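These values consider heavy atoms only, across backbone and side chains, with no hydrogens, waters or symmetry-generated copies. Letters go in sequence order (proteins before strands), and every chain restarts at 1. Given the structure is predicted, the values throughout are model-derived calculations rather than measurements.
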Amino acid sequence: MARLNAEIADKFNRLADLLEIEGANPFRVRAYRNAARTVGSMSRSMADLIAEGRDLSELPDIGDDLAEKIETIVRTGRLPLLEEVEQRTPAALSDLMKIGGLGPKRVQTLHRELGIASAEDLRRAADQGRIRGLEGFGPKLEQTILSRLAGTPGSKGKRHRLIDAEAVAEPLVAYLRETKGLKDIVVAGSYRRRRETVGDLDILVTARKGTPVMDRLAAYDQVSEVISQGTTRSTVILRSGMQVDLRVVPQVAYGAALHYFTGSKAHNIAVRKLAVDRGLKLNEYGVFRGDKRVGGRSEKEVFGSVDLPYIEPELRENNGEFEAGAKGRLPRLITLDRIRGDLHCHTTATDGRDTLEDIVEAARERGYEYVSINDHSRRVAVAHGLDTKRLLAQIRAIDRLNERLDDIVVLKSVEVDILDDGALDLPDDVLKELDFTVCAVHYRFNLSRRKQTERILRAMDNPHFNILAHPSGRLIGRREPYEVDMERIMKRAAECGCFLELNAQPDRLDMDDSACKMARDMGVKVAISTDAHRTGDLDLMRFGIGQARRGWLEPDDVINTRPLKELKRLLKRH
DNA sequence: GCCGTTTTCGGCCCGACTGTTTTCAGTCG
């Protein structure tokens with residue numbers, strides 16, 4: 001969320017890369033990476049925590065030293081140790097580590113022996129055949145480096161939207177499922193944890209010995225390159241650019257392997273530590289006491305072996321799930337079947353592709369109890385936003401439609417713009433005709449943090465304000481969130497009975513997981529909505545649910561799990 | 001560099017695959 005936190009995390013990660021290339025203590029390197037992860041995943045800005053006088057060394061993986069370094073970065077924007085290291089070791093070397101096959105040791109050799117300090121230096125040296133003679137290198141690796149440099153830049157580390165990952169994974173799984181001798185097949189990794197973006201697909205298979213599943217993967221017509229192929233693990237790149245890791249384990253190891261390959265890495269490390277504390281060893285083949293297998297057939301057994309209840313995949317980020325599990329306080333996460341309606345849909349009246357009747361019919365087909373229509377307001381001219389007259393006409397059309405329907409209720413609403421000064425884009429006397437409003441910032445994203453916050457708070461002062469749409473304004477991979485004090489907004493929302501939207505569009509997924517968690521902690525309820533612009537978009541709800549689960553939300557935290565009567569009561573402001 | 005009913009030192013998760021070796025280091029997840 002906070003851009004400052006991302007900057008701090010980036011500095012620590014870059015420092016970790018350079019120290020690793022220099023051959024520093026690997027645990028010290030890891031300490032910087034762990035700290036980067038902690039800071040990067042915090043919903044509160046480090047600057048705010050410092051301003052409140054919080055002791056940063058209380059944060060996990062942050063000790064006295066790193067707390068001081070964070071304070072220095074917040075105060076000066078600089079990390080002196082990083083600058084010092086960059087004097088000795090070119091910063092661009094950390095980029096070379098992103099090339100497959102090159103890690104810290106080889107990058108160090110390249111720098112030391114050939115003075116290579118950039119991707120361009122590396123390409124030239126490889127072209128001239130000067131790489132193959134280096135210790136630890138050979139002709140094959142030289143060739144690999146050349147082809148990686150020529151290919152898609154930085155494909156190691158590129159992330160895909162979850163919806164794109166689904167489009168790749170589903171046909172591939174169906175194809176692999178046809179393999180003779182195959183039993184279970186599941187996509188694990190961040191895909192199973194429902195992260196908003198996925199780096200690669202981790203597919204886990206259980207099968208009889210000698211199953212030809214590895215050969216079948218290599219023969220898949222979408223494979224563009226086989227990176228490695230063994231008996232238990234293979235890696236390929238698909239034409240879509242997606243990397244796929246396929247792993248085969250025996251049935252008896254299914255739970256241990258599924259847990260291991262689901263991650264996250266930080267979660268796994270923590271579970272293994274718990275196992276070591278109990279004199280056990282945990283790996284992808286099971287839970288062992290000495291050489292004796294004592295569990296691992298199911299994930300429940302794995303957790304049970306370290307005295308934990310089952311932890312849902314979406315929670316496995318080493319971000320409080322162990323403490324909650326030990327105390328029996330894990331959330332009972334929301335599920336898709338608890339959703340009773342969609343509270344943000346567009347029609348052909350503005351920028352939707354389908355008509356009012358189409359959207360309502362699609363909602364009815366999905367078994368919803370209610371659906372709301374939320375077309376844009378006049379300010380969004382490109383979408384032909386509604387003025388008072390056209391909104392009143394839509395209200396009357398919905399009234400007429402409701403008279404004909406007996407198994408679904410259409411709620412009258414709008415996605416009204418929040419103007420620069422915090423006023424809403426339509427007059428109160430038309431807003432009061434609606435069942436509720438969804439309010440959104442669609443322009444002037446670059447206001448200062450203070451002004452953007454004031455703008456939204458002022459909008460919330462309007463008694464017709466109910467739900468803040470896509471609260472951060474971000475577009476994943478394309479547009480950063482605008483600067484805003486989310487904590488103040490949530491505090492006000494809790495006070496005045498307003499809600500925040502979790503927009504389920506795969507490009508938005510806004511709120512993000514940490515914002516959901518913050519809302520839950522602050523007692524702000526959330527509407528999970530698809531922002532549908534066509535009937536098929538109603539199915540995007542599953543992405544919103546995934547994000548909500550990552551944010552620890554339970555059915556009670558979400559307003560559109562409520563029956564209509566209760567929902568209407570909630571939408572009356574106090 | 002962090003962390004602690006194995007507390008202020010001495011640990012720090014674990015295994016597969018590749019290309020280079022001639023028994024294994026480096027990389028990766």
Side-chain angles (χ1 to χ4, degrees), chain A residues 12 15-17 19-21 23-38 56-70 81 96-110 131-145 148 155-157 188-191 198-204 214 226-236 243-249 253 256-257 259-288 296 302 306 318:
Chain A
F12 284 164
L15 179 57
D17 283 351
L19 287 174
E20 197 175 24
I21 290 167
N25 178 347
F27 298 106
R28 183 179 170 216
V29 171
R30 201 167 79 191
Y32 281 108
R33 297 221 167 97
N34 289 341
R37 195 184 58 80
T38 295
L56 299 183
S57 70
E58 285 168 5
L59 298 175
D61 299 319
I62 308 289
D64 289 341
D65 180 88
L66 284 170
E68 199 186 315
K69 286 191 167 70
I70 293 170
L81 178 60
L96 296 189
M97 290 222 298
K98 295 190 174 64
I99 296 167
L102 295 187
K105 294 283 164 41
R106 289 187 179 131
V107 167
Q108 183 192 41
T109 302
L110 291 167
I131 305 287
R132 62 182 66 194
L134 295 175
E135 192 176 340
F137 291 79
K140 198 135 188 184
L141 196 48
E142 185 175 83
Q143 204 47 51
T144 306
I145 289 169
R148 295 284 151 78
S155 65
K156 178 166 145 189
S190 50
Y191 184 92
V198 171
D200 58 12
L201 292 176
D202 287 300
I203 302 182
L204 176 67
M214 294 309 192
V226 178
I227 301 280
S228 70
Q229 183 173 347
T231 53
T232 67
R233 197 182 102 190
S234 290
T235 300
V236 302
Q243 178 171 320
V244 178
D245 292 331
L246 177 63
R247 341 242 183 167
V248 184
V249 298
H259 176 261
Y260 179 69
F261 295 129
T262 296
S264 65
K265 192 170 178 172
H267 171 94
N268 286 352
I269 289 172
V271 174
R272 285 185 177 192
K273 272 186 192 152
L274 292 177
V276 170
D277 290 345
R278 287 162 178 75
L280 300 169
K281 187 178 77 169
L282 174 61
N283 60 29
E284 56 264 55
Y285 298 112
V287 185
F288 299 90
V302 172
V306 292
N318 192 15

Just the rounded figure in Å: distance from [atom2] of [N] to [atom1] of [X].
X	N	atom1	atom2	answer
A:Ile21	B:dT27	CD1	C1'	14 Å
A:Leu56	B:dC2	CG	P	12 Å
A:Ile269	B:dG1	CD1	C1'	15 Å
A:His267	B:dC13	NE2	C1'	13 Å
A:Asn283	B:dC13	CG	C1'	10 Å
A:Glu20	B:dA25	CD	C1'	14 Å
A:Gln108	B:dA25	CD	P	16 Å
A:Asp200	B:dG29	CG	P	7 Å

Please classify the nucleic acid contact of [X] as base, sugar-phosphate, or nothing, using heavy-atom distances under 4.0 Å.
X	answer
A:Asn25	base
A:Arg30	base
A:Lys265	base
A:Pro60	sugar-phosphate

Side-chain heavy-atom pair [X], [Y] within 4.5 angstrom cut-off:
X	Y	value
A:Leu141	A:Arg132	no
A:Ile131	A:Ile145	yes
A:Phe137	A:Leu110	yes

Residue mapping more 5' on DNA chain B - nearest nucleotide basis, A:Leu282 or A:Lys105: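 Upstream on the strand: A:Leu282.
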Lys/Arg N to Asp/Glu carboxylate O, A:Arg272 vs A:Glu284, below 4.0 Å: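 Looking at A:Glu284 together with A:Arg272, the answer is yes, because their closest N to O distance falls below 4.0 Å.
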Salt-bridge present (A:Arg247, A:Asp202; N to O < 4.0 Å):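 Result for this pair is yes, salt bridge flagged.
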Polar side-chain contact A:Asp64-B:dG1 base: donor and acceptor under 3.5 Å: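 When only heavy-atom distances are counted, A:Asp64 does not reach the base of B:dG1 through any donor-acceptor pair under 3.5 Å.
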Polar side-chain contact A:Tyr260-B:dG15 base: donor and acceptor under 3.5 Å: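 Flag unset: no donor-acceptor pair detected.
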Presence of A:Arg28 side-chain N/O under 4.0 Å of B:dG1 phosphate oxygens OP1/OP2: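 So the side-chain polar atoms of A:Arg28 do come within 4.0 Å of the phosphate oxygens OP1 or OP2 of B:dG1, strictly under.
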Residues forming a side-chain hydrogen bond (donor to acceptor under 3.5 Å, both in side chains) with A:Arg30, sequence neighbours excluded: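 Once residues adjacent in sequence are excluded, A:Arg30 has no partner under the side-chain hydrogen bond (donor to acceptor under 3.5 Å, both in side chains) criterion.
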B/S/- contact track for nucleotides 16-24 of chain B, protein heavy atom under 4.0 Å: BSSSS----
Donor-acceptor under 3.5 Å (A:Glu20 side chain, A:Pro104 main chain):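 Side chain of A:Glu20 to backbone of A:Pro104: no pair is present.
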